Amino acid sequence: MESFDANVDAESLKNSLTPKKDENNIIKLVTNRTNYQLQQIKEAYNILFKSDLIKDLKKALSGHFEDVVVGLFYTPIDYDCYHLRKAIKGLGTDEKALIEILCTRPSNVIEEIKKRYGEMYPGRSLLKDIEGDTSGNFRKILRSLLSANRPPDSQPDIEECKICAKRLYEAGEKRLGTNEEVFTQIFTEKSPSEFICIAQLYYKLTKHTLIQAVENEFSFDSKKCLIAIIYAILSPSEYFAKLIYKAIKGLGTDNTTLIRVLISRHEVDMPQIKQYYKQNYKKDMIDDIKGDTSGNYRKILVELASH
C-alpha cells in the first residue's frame with residue numbers, strides 16, 4: 001500500500017497550484033486519498049504555507065472542476081451542511097438537495113448535521129431555516145426527520161410491524177383521501193429493521209409495495225421525500241444510481257447533483273451504485289459520465305466513480 005505523508009502531499013499540492021497548474025497531479029492526489037487523509041493534508045498545508053488551502057484552490061481552479069476538488073476537502077458532515085445552506089438561502093429552494101440529504105441520512109448523522117450547521121452558520125438553526133423555506137406536508141416530513149426520532153437498529157416486533165402495515169393501509173389505499181400523519185410518523189420514526197419488516201408485511205397484506213402506495217397517495221415533493229426514505233432504507237445504492245442517471249440523461253446535465261452524489265458516496269458504496277446503474281438502465285455509468293462531461297472535470301468524476 002502506498003505510504004501516506006500529509007506534509008509531502010501538501011507540498012505536492014502547493015507545487016501543482018503555482019506557478020504553473022498541474023491539474024492532473026491534483027486529480028491523482030485527491031482521488032487516491034480518503035477524506036480523513038484529505039483533512040490532514042489541508043491542516044498540513046495551512047501550517048506549512050501559512051495559507052488557507054481552500055482559498056488557494058478557489059483562486060487557482062475554476063468551474064465544475066473547482067467544485068469537485070474543493071468539495072472533496074470538506075468533511076462529509078460539513079459538505080452536507082454546505083449543500084443544505086445553499087439549498088435554502090436566497091430566492092427559491094433546492095428541494096432536490098433537501099430530499100437527497102435529509103431523507104437518506106441516519107438519525108445520528110442528522111443530529112451531527114444540525115449541530116454543525118449552527119457552528120458553520122452562526123445564529124442560524126437548520127430547523128428554522130427549513131421551516132421558513134418549505135410548506136405543507138413536505139415541511140412536516142422534513143421537520144419529523146430533523147427531530148431524529150428514528151431509533152438505532154433493533155430486532156423488529158412482528159406483531160407491532162403488522163399493526164403498522166395495517167395502519168398504513170387504512171391511512172391510504174383503504175380510504176378516500178390520505179392520512180398523511182400516519183405515513184410521516186411510521187416513515188420517520190421506525191428503525192431500519194422495523195421499516196423493512198413493515199414494508200414486507202404491507203406487501204403481504206395489499207399485494208402492493210410501499211413505493212406503489214406512496215405513488216398513488218402522494219404528489220410533488222412529499223411523494224419524492226417518502227420514496228427517498230423507502231429507498232434509503234431498503235436499497236440506498238439503487239437510489240443514488242437513480243439520482244446519477246437522472247442527472248445525466250437527456251439534454252443538459254444536473255452537475256450539482258452529479259458532483260454531490262459522487263463526492264458523498266465514493267467512499268461508501270460506489271461499486272454497488274455502478275452495479276445497480278448497469279442492472280436498471282442497461283448502461284455503463286462511467287461511460288455515461290464520460291459522454292456528458294469534458295476535460296479535467298470529466299477526468300476527476302471518472303476517477304471518483306472508478307473507486
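Start at 1 with the first residue, then count along the sequence. None of the values given here were measured: they were computed from a predicted structure. All heavy atoms count here, side chains included; hydrogens, waters and symmetry mates do not.
- Counting only distance, with no hydrogens or angles, the side chain of K114 and the backbone of L146 share a donor-acceptor pair below 3.5 Å.
- Of the possible donor and acceptor atoms, none in the side chain of S222 sits under 3.5 Å from a partner among the backbone N and O of F218.
- Between T293 and V302, the closest side-chain pair of non-hydrogen atoms is not below 4.5 Å.
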Exercise for the section: Report the C-alpha separation of E131 and K128 in whole Å, then their side-chain angles, then the decisive distance to 0.1 Å, and conclude whether the salt bridge (charged side-chain N to carboxylate O under 4.0 Å, His left out) test is met. Expected result: CA-CA 5 Å; E131 284 189 331; K128 286 181 181 175; over 6 Å; no
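- No donor-acceptor pair closer than 3.5 Å links the side chain of K190 to the backbone N or O of R150.
- Taking the six-membered ring where tryptophan is involved, the planes of Y82 and Y79 are essentially parallel, since the angle between them stays under 30° and well short of 60°.
- Among all heavy-atom pairs drawn from K58 and E66, the shortest one is CG-OE2, 3.5 Å.
- In this structure, the ring of Y239 has its center no less than 6.0 angstrom from the ring center of Y276.
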Practice task
Check the pair F240 / T104 against side-chain contact (heavy atoms from CB on, under 4.5 Å), numbers first and verdict last.
Solution key: CA-CA 10 Å; F240 290 107; T104 66; 3.8 Å; yes
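- Within 6.0 Å of NZ in K96 there are 12 or fewer heavy atoms belonging to other residues, nucleotides or ligands.
- In the hydrophobic clustering of ILVMFWY residues, with side-chain heavy atoms under 4.5 Å counting as a link, F187 and L205 come out together.
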Practice task
I would like to know whether I198 and E160 meet side-chain contact (heavy atoms from CB on, under 4.5 Å); could you show each step before the answer?
Solution key: CA-CA 9 Å; I198 292 164; E160 176 61 28; over 6 Å; no
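- The nearest pair of heavy atoms linking M285 to M270 is CE-SD, 3.8 Å.
- Counting heavy atoms from C-beta outward, D94 and K86 have side chains that stay 4.5 Å or more apart.
- Remark: L126 CG to Y117 OH distance equals 5.5 Å, nearest 0.5 Å.
- Both L234 and L145 belong to a common hydrophobic cluster when Ile, Leu, Val, Met, Phe, Trp and Tyr are linked at side-chain heavy-atom distances under 4.5 angstrom.
- Here N296 contributes atom CG and H64 contributes atom NE2; the two are 13.5 Å apart, rounded to the nearest 0.5 Å.
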Problem - Worked verdict on T34 versus F4 for side-chain contact (heavy atoms from CB on, under 4.5 Å) - result: CA-CA 11 Å; T34 65; F4 168 68; over 6 Å; no
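- Nearest approach of C81 to M120, heavy atoms of both residues: CB-SD, 3.6 Å.
- Atoms CD and CD1, on E303 and I286 in that order, are 9.0 Å from each other to the nearest 0.5 Å.
- Other residues, nucleotides and ligands contribute more than 12 heavy atoms inside 6.0 Å of the CD atom of E267.
- Of all non-hydrogen atoms in L258 and I244, the two that sit nearest each other are CD1-CG2, 3.9 Å.
- Y297 and N255 share a donor-acceptor pair across their side chains, judged by distance under 3.5 Å alone.
- The same ILVMFWY cluster, assembled from side-chain heavy atoms under 4.5 Å apart, contains both L48 and I26.
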Exercise for the section: Kindly determine whether E170 and R175 satisfy salt bridge (charged side-chain N to carboxylate O under 4.0 Å, His left out), including the steps that lead there. Expected result: CA-CA 6 Å; E170 290 173 348; R175 54 174 278 171; over 6 Å; no
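- The aromatic rings of Y245 and Y281 lie parallel to each other, with less than 30° between the two planes, well short of the 60° mark.
- A donor atom on one side chain and an acceptor atom on the other are not found under 3.5 Å apart for Y45 and D9.
- Linking ILVMFWY side-chain heavy atoms closer than 4.5 Å, directly or via other members, places I233 and V268 in two distinct hydrophobic clusters.
- The closest side-chain heavy-atom distance from S16 to K21 is not below 4.5 Å.
- Atom CD of E111 sits in a crowded spot, with more than 12 heavy atoms from other residues, nucleotides or ligands closer than 6.0 Å.
- Put simply, the side chain of S264 gets close to the backbone of R260: a donor and an acceptor are under 3.5 Å apart.
- Taking CD1 of I113 as the start and CG of D78 as the end, the distance is 10.0 Å to the nearest 0.5 Å.
- A distance of 8.5 Å separates CG of N15 from CG of N25, quoted to the nearest 0.5 Å.
- Looking at heavy atoms from C-beta onward, D129 lies out of side-chain contact with Y121 at the 4.5 angstrom threshold.
- Between N24 and K299, the closest side-chain pair of non-hydrogen atoms falls below 4.5 Å.
- The heavy-atom pair separating A87 from A97 by the smallest distance is CB-CB, 4.0 Å.
- Annotation: side chain of T257 is in contact with side chain of V261 (closest heavy-atom distance under 4.5 Å).
- Without hydrogens or angle criteria, S144 side chain to K140 main chain gives no donor-acceptor distance under 3.5 Å.
- Defined by atom type and a distance below 3.5 Å, a donor-acceptor pair is present between the side-chain atoms of E217 and T178.
- Counting only heavy atoms from C-beta outward, the side chains of L168 and E173 never approach each other to under 4.5 Å.
- Checking side-chain atoms of R124 against main-chain N and O of G118 turns up no donor-acceptor pair under 3.5 Å.
- No side-chain donor from either of T75 and N35 sits under 3.5 Å from a side-chain acceptor of the other.
- In the displayed structure, K166 atom NZ is contacted under 6.0 Å by at most 12 heavy atoms of other residues, nucleotides or ligands.
- Clustering ILVMFWY residues whenever any of their side-chain heavy atoms sit less than 4.5 angstrom apart, transitively, puts Y203 in a cluster other than the one holding I211.
- Taking 4.5 Å as the limit, every side-chain heavy atom of Y202 sits out of range of all side-chain heavy atoms of K207.
- K55 and D52 make their closest contact through N-OD1, 2.9 Å (heavy atoms, listed as atom of the first residue, atom of the second, distance).
- In this structure, K14 is positioned above the aromatic face of F49, its NZ or CZ under 6.0 Å from the six-membered ring centre and within 45° of the axis.
- Under the 3.5 Å distance criterion, the side-chain polar atoms of K50 are matched with a main-chain donor or acceptor of I47.
- With T93 contributing its side chain and D133 its backbone, the two residues share a donor-acceptor pair below 3.5 Å.
- Side chains of R167 and Q185: a donor-acceptor N/O pair is present below 3.5 angstrom, by distance only.
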Exercise for the section: Might you work through the side-chain contact (heavy atoms from CB on, under 4.5 Å) test for N149 and S107, ending with a clear yes or no? Expected result: CA-CA 7 Å; N149 288 327; S107 286; over 6 Å; no
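- Of the possible polar contacts, none joining the D153 side chain to the S191 backbone as a donor-acceptor pair under 3.5 Å is found.
- Atom NZ of residue K274 and atom CD1 of residue I289 lie 9.0 Å apart, to the nearest 0.5 angstrom.
- A donor-acceptor distance shorter than 3.5 angstrom exists from the side chain of N216 to the backbone of Q212, with no hydrogens or angles considered.
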